[in-house]
Trainee: 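Have a look at the structure that comes next, please.
Computed over heavy atoms, backbone and side chain alike; hydrogens, waters and symmetry mates excluded. Protein chains get the first letters and strands the later ones, always in sequence-line order, with residue 1 at the start of each.
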Amino acid sequence: MDLLSLISTLTETSGISGQENRIRDLVKSTWLPYVDEVKVDTLGNVIATKFGSGEEPRDRVMLAAHMDEIGLMVSRIRGSFLSVVPVGGVDLRLLLGQPIMVHGQRELPGVVGSRPPHILSKGERNKSVPFEDLVVDTGLEEEEVNKLVRVGDMVSFRQPMVKLMGDRFGGKALDNRLSVAAIAACLEEMQTRTHVWDIVAVATVQEAVTMRGATTGAYGVNPTIGIAVDVTFGKGPGVDASESFELGKGPTIGYGPNNHPAVHQALVVAAKAIELPHHIEAMPRGSGTDAWAMEVTRAGLPTGVVSIPIRNMHMPVEIASLKDVERCGRLIAEFIANLDANFKTGKLIWNDGETEEKQA
Amino acid sequence: MIIKELSEAMGVSGAENHVRRILKQAVAPYADEMWVDALGNLLVTQKGTGQTSMKVMLAAHMDEIGLMVTNIESNGTLRFKPVGGIDDRVVLGKTVKVGPDRIPGMIGGKPIHLLERSEEKSVVKMKKLFIDIGAKDKADAQTKIKIGDRAVFATKFLDLGSTYMGKAFDDRVGCAVLADVLENGPYPADLHVAFTVQEEVGLRGARVAGYSLQPDVAFVVEGTICDDLPKDEDVSPVTEVGKGPALSVMDRTTISDPRLVSFLANVATTNEIPYQFRRTAGGGTD
């Protein structure tokens with residue numbers, strides 16, 4: 001698998017929360033060669049299952065990676081210009097001058113504009129332009145705009161993936177297409193490895209706006225355990241070293257209330273078994289990932305979180321290291337290969353001092 | 001198309017080489033004389049038909065605003081300063097090309113999740129930003145970048161149908177117009193065309209070009225602002241796209257000779273060329 005070229009296709013394909021059609025088709029075809037069946041549920045989650053070698057009924061591990069991305073939505077047509085509102089956590093500070101694509105009746109390239117600085121007062125130049133004063137400009141005339149664009153059309157960042165020095169690369173929607181790619185790499189590795197449990201890879205919708213895809217996805221799949229694969233803060237300019245992770249040093253394994261201790265422990269054991277560089281990420285409250293929704297599915301689901309560090313999260317210039325994506329896939333593959341019948345009836349059972357609980 | 005080529009060329013003030021090379025090639029067949037002066041202005045003379053002895057100078061600047069690398073940090077990221085008037089508000093979240101080898105880099109910062117409330121609507125100043133080329137550390141970065149390298153936004157030229165989109169239209173559109181003017185000559189008067197340098201850092205190229213050429217009259221062909229976006233209050237636009245070239249009566253650096261303004265307006269009217277007036281006194285030109 002050419003992982004970098006897969007990532008470039010995945011990140012350049014649009015899929016803003018609620019309109020994931022294109023990215024869904026791509027994810028389906030990406031995972032299909034490695035699984036036994038692929039389904040799409042009511043909300044649009046892609047559910048790909050690779051059956052395990054165990055006796056039926058088999059336990060299931062659900063891997064969740066959200067495939068939606070943040071973006072903008074057309075809220076008003078003003079002459080030949082468009083007003084927009086955010087979908088998900090869009091950073092207002094970087095919108096001005098940003099190349100975008102309007103997904104109208106056809107793809108319309110454009111740019112986010114506002115009044116030129118030459119005629120603004122100093123005070124106006126020193127604050128970011130509020131949403132109501134930003135316009136999307138497609139360069140087309142009013143009549144054409146009215147024909148091609150409707151209120152509700154999605155607008156995505158128009159940013160090709162860029163290869164940087166070494167194994168680093170940058171672009172939009174690395175959050176969270178990197179995890180979709182890591183799962184593909186994991187599934188590829190599992191072609192030649194034995195696994196007792198069923199692997200259910202789920203590309204979820206609407207994470208960026210409420211994790212609704214993971215909520216219904218986990219309910220429908222009804223797995224034994226759930227692993228959210230997502231991105232986390234990479235160490236870089238503007239970010240405190242205490243809350244970020246160096247690029248190129250492996251994925252992070254979450255620890256906290258959103259991580260069942262046995263799942264966390266098994267992930268750490270897997271990483272150590274294959275001498276995989278990794279970080280432990282303290283998650284004192286929520287994880288900010290699909291695991292938050294999965295954990296409270298039905299009567300409760302043991303969950304874990306594996307994350308790939310990226311810089312500049314939610315910007316069209318997110319940056320990551322290719323090695324970290326590969327390692328994320330290998331970590332999950334090793335973890336899955338270790339899951340056996342005893343995991344559910346042994347390790348997943350809370351023990352409160354009856355035997356010594358070892359921390360990672 | 002020359003506008004595409006000119007727009008995608010890199011020519012930050014003081015390093016206009018690439019633009020100059022394109023223009024030299026484009027206008028050489030129509031030039032009687034062509035030379036590059038001490039500052040780097042490309043000066044082109046086209047003899048007239050002799051009907052008048054007037055020397056007419058036309059100027060457009062080749063340089064564009066950009067960034068300059070001022071330091072390479074120990075973590076391999078690049079500190080930079082603006083060259084010319086760059087709006088702090090448009091720098092965060094952009095992809096750039098650095099140096100003559102056009103090394104790709106990205107300008108990021110603290111993610112929205114980690115911002116204080118008060119920061120969410122702030123403008124991140126350039127001095128707080130870094131270019132990230134993916135280097136592991138300073139030594140790694142130094143294999144590709146040196147201090148003083150210029151950077152431009154990695155903006156691709158696009159033909160949108162009724163308009164074009166791209167970077168450095170200020171003033172490569174002017175350069176393209178003057179190349180076209182030369183191609184369509186000769187004219188009754190002698191033509192002296194100056195493709196100038198360093199406009200964005202203080203109108204410096206035009207100053208010495210004017211001295212060398214000693215014209216009788218001079219016209220500047222520039223990109224200008226529109227401000228024709230929809231507004232809630234009734235503030236007239238400065239100019240409108242698609243309504244023809246704009247005649248400038250006055251700006252921050254020049255008051256046009258009223259006789260030449262009327263002359264241009266008459267030429268437009270006589271030839272049924274749509275034109276408009278530039279309706280602000282801000283901004284400056286050569």
Trainee: So what's closer than 4.5 Å to chain B heavy atoms on A/Val111: side chain, backbone, both or neither?
Mentor: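 Contact with chain B involves both backbone and side-chain atoms of A/Val111.
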
Trainee: Heavy-atom pairs under 4.5 Å with chain B - which of A/Asn126, A/Val239, A/Leu95, A/Val129 has more of them than the others?
Mentor: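 Counting heavy-atom pairs under 4.5 Å, the top option is A/Asn126.
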
Trainee: Would a 4.5 Å heavy-atom cut-off, applied to side chains only, mark B/Met106 and A/Gln159 as touching?
Mentor: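 Side-chain contact under 4.5 Å: yes.
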
Trainee: Do A/Pro117 and B/Arg89 touch side chain to side chain, with heavy atoms closer than 4.5 Å?
Mentor: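 Yes - at least one pair of side-chain heavy atoms lies under 4.5 Å apart.
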
Trainee: Would you say A/Val162 and B/Lys97 make side-chain contact, with heavy atoms under 4.5 Å?
Mentor: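 The answer is no; the side chains never approach within 4.5 Å.
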
Trainee: Please check if atom CZ in B/Arg102 has more than 12 non-hydrogen atoms from other residues, nucleotides or ligands closer than 6.0 Å.
Mentor: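 For B/Arg102, atom CZ is crowded (more than 12 foreign heavy atoms under 6.0 Å).
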
Trainee: Taking all heavy atoms of A/Pro316 and all of B/Gly93, pick out the closest pair and write down the distance.
Mentor: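 Residues A/Pro316 and B/Gly93, closest heavy atoms: CG-O, 3.5 Å.
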
Trainee: Step by step, work out the side chain to side chain contact (heavy atoms under 4.5 Å, CB included) result for A/Arg93 and B/Ser122.
Mentor: CA-CA 7 Å; A/Arg93 302 171 304 160; B/Ser122 64; 4.0 Å; yes

Trainee: Tell me the ring pair (Phe, Tyr, Trp, His ring centres under 6.0 Å) pairs involving residues 92-137 of chain B, sequence neighbours left out?
Mentor: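 Ring pair (Phe, Tyr, Trp, His ring centres under 6.0 Å) check on residues 92-137 of chain B returns A/Phe233-B/His113, A/His314-B/His113.
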
Trainee: Looking only at heavy atoms and a cut-off of under 4.5 Å, which of A/Gly79, A/Pro109, A/Gly166 has the most pairs with chain B?
Mentor: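 Among the listed options, the one with the most contacts to chain B is A/Pro109.
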
Trainee: Given the options B/Ile107, B/Val124, B/Asp132, B/Asp228, which has more heavy-atom pairs under 4.5 Å with chain A than any of the others?
Mentor: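 That would be B/Asp132.
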
Trainee: Is there any residue in residues 169-179 of chain A with a non-hydrogen atom under 4.5 Å from a non-hydrogen atom of chain B, and which ones are they?
Mentor: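 Listed by number: A/Gly170, A/Gly171.
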
Trainee: Under 4.5 Å, heavy atom to heavy atom: which of residues 153-167 of chain B reach chain A? Give them by number, or say none.
Mentor: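 Only B/Leu158, B/Leu160, B/Ser162, B/Thr163, B/Met165 of residues 153-167 of chain B have a heavy atom under 4.5 Å from chain A.
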
Trainee: Using a 4.5 angstrom heavy-atom cutoff, name the option from A/Glu132, A/Glu246, A/Lys235, A/Arg168 with the most pairs to chain B.
Mentor: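 The residue among A/Glu132, A/Glu246, A/Lys235, A/Arg168 with the greatest pair count is A/Arg168.
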
Trainee: For A/Leu82, is it the side chain, the backbone, both, or neither that has a heavy atom closer than 4.5 Å to a heavy atom of chain B?
Mentor: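 Neither part.
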
Trainee: For the side chain of A/Ser128 and the backbone of B/Lys121, is there at least one donor-acceptor N/O pair under 3.5 Å apart?
Mentor: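 Yes, because the side chain of A/Ser128 sits within donor-acceptor range (under 3.5 Å) of the backbone of B/Lys121.
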
Trainee: Side chains of A/Asn312 and B/Pro111: closer than 4.5 Å at any heavy-atom pair?
Mentor: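 No; the side chains remain at least 4.5 Å from each other.
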
Trainee: Need one label for A/Leu140: side chain, backbone, both or neither, based on atoms under 4.5 Å from any heavy atom in chain B.
Mentor: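 A/Leu140 touches chain B through backbone and side-chain heavy atoms alike.
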
Trainee: Heavy-atom distances under 4.5 Å only: say whether B/Lys128 touches chain A with side chain, backbone, both or neither.
Mentor: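 Contact with chain A involves no heavy atom of B/Lys128 at all.
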
Trainee: So for A/Lys163, is it side chain, backbone, both, or neither that comes closer than 4.5 Å to the heavy atoms of chain B?
Mentor: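 For A/Lys163, backbone heavy atoms alone lie under 4.5 Å from chain B.
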
Trainee: Less than 4.5 Å apart, any side-chain heavy atom of B/Glu120 and any of A/Leu92?
Mentor: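 The answer is no; the side chains never approach within 4.5 Å.
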
Trainee: Answer yes or no: is there a donor N or O on one side and an acceptor on the other, between the side chain of B/Asp227 and the main chain of A/Arg115, under 3.5 Å?
Mentor: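 Pair absent, no side-chain N/O of B/Asp227 close to backbone of A/Arg115.
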
Trainee: If every non-hydrogen atom of A/Leu94 is compared with every non-hydrogen atom of B/Leu92, which pair is closest and at what distance?
Mentor: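 What the structure gives for the nearest pair is CB-O, 3.4 Å.
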
Trainee: Is it the side chain or the backbone of A/Arg311 that comes within 4.5 Å of chain B heavy atoms, both, or neither?
Mentor: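 Just the side chain, heavy atoms under 4.5 Å.
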
Trainee: Quick check on A/Glu141: does its CD atom have over 12 non-hydrogen neighbours (other residues, nucleotides or ligands) under 6.0 Å away?
Mentor: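 Result for CD/A/Glu141: open.
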
Trainee: Does any backbone or side-chain atom of A/Thr138 lie under 4.5 Å from a heavy atom of chain B? Answer side chain, backbone, both or neither.
Mentor: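 Looking at A/Thr138, just its backbone touches chain B.
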
Trainee: With respect to chain B, which residue among A/Gly238, A/Gly139, A/Ser321, A/Gly236 yields the maximal number of heavy-atom pairs within a distance under 4.5 Å?
Mentor: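 Between A/Gly238, A/Gly139, A/Ser321, A/Gly236, the count favours A/Gly139.
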
Trainee: Is B/Glu73 in contact with chain A via its backbone, its side chain, both, or neither, using a 4.5 Å heavy-atom distance?
Mentor: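 Nothing of B/Glu73, per the 4.5 Å heavy-atom cut-off to chain A.
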
Trainee: Would you say B/Arg278 has more than 12 foreign heavy atoms packed within less than 6.0 Å of its CZ?
Mentor: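 It does: B/Arg278 CZ has more than 12 such atoms within range.
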
Trainee: How long is the straight-line distance from CG of B/Leu114 back to CG of A/Asp240, given to the nearest 0.5 Å?
Mentor: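 If I round to the nearest 0.5 Å, the distance is 9.0 Å.
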
Trainee: Does NZ belonging to B/Lys138 count more than 12 external heavy atoms closer than 6.0 Å?
Mentor: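 Atom NZ in B/Lys138 is packed in, count exceeds 12.
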
Trainee: Can you give me the closest heavy-atom contact between B/Gly108 and A/Val317, atom names plus distance?
Mentor: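 Where B/Gly108 meets A/Val317 most closely, the heavy atoms are CA-CG2, 4.0 Å.
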
Trainee: If you count heavy-atom pairs under 4.5 Å between each of B/Asp140, B/Thr77, B/Val241 and chain A, which one has the most?
Mentor: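 So the answer, after comparing B/Asp140, B/Thr77, B/Val241, is B/Asp140.
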
Trainee: Hey, does A/Met165 have a side-chain heavy atom less than 4.5 Å from the side chain of B/Thr143?
Mentor: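 Yes, side chains in contact.
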
Trainee: CD1/B/Ile103 to CG/A/Leu164 distance, rounded to the nearest 0.5 angstrom?
Mentor: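 Here the interatomic distance stands at 10.0 Å.
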
Trainee: Does CD1 in B/Ile255 sit with more than 12 non-hydrogen atoms of other residues, nucleotides or ligands closer than 6.0 Å?
Mentor: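 Open: at most 12 neighbouring heavy atoms sit under 6.0 Å from CD1 of B/Ile255.
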
Trainee: Of the listed residues (B/Gly105, B/Gly242, B/Gly283, B/Ala135), which shares the most heavy-atom pairs with chain A below a 4.5 Å separation?
Mentor: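 Highest number of heavy-atom pairs under 4.5 Å: B/Ala135.
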
Trainee: Sort A/Val112 into side chain, backbone, both or neither according to what part of it lies under 4.5 angstrom from a heavy atom of chain B.
Mentor: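 Contact with chain B involves no heavy atom of A/Val112 at all.
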
Trainee: What's the spacing between A/Ile70 CD1 and B/Ile112 CD1 if we round to 0.5 Å?
Mentor: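 The distance works out to 7.5 Å.
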
Trainee: Going by the ring pair (Phe, Tyr, Trp, His ring centres under 6.0 Å) test, which pairs reach into residues 69-97 of chain B, not counting sequence neighbours?
Mentor: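 Applying ring pair (Phe, Tyr, Trp, His ring centres under 6.0 Å) to every pair that reaches into residues 69-97 of chain B, excluding sequence neighbours, yields nothing.
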
Trainee: With a sphere of 6.0 Å drawn around CZ of A/Arg125, does it hold more than 12 non-hydrogen atoms of other residues, nucleotides or ligands?
Mentor: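 Yes.
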
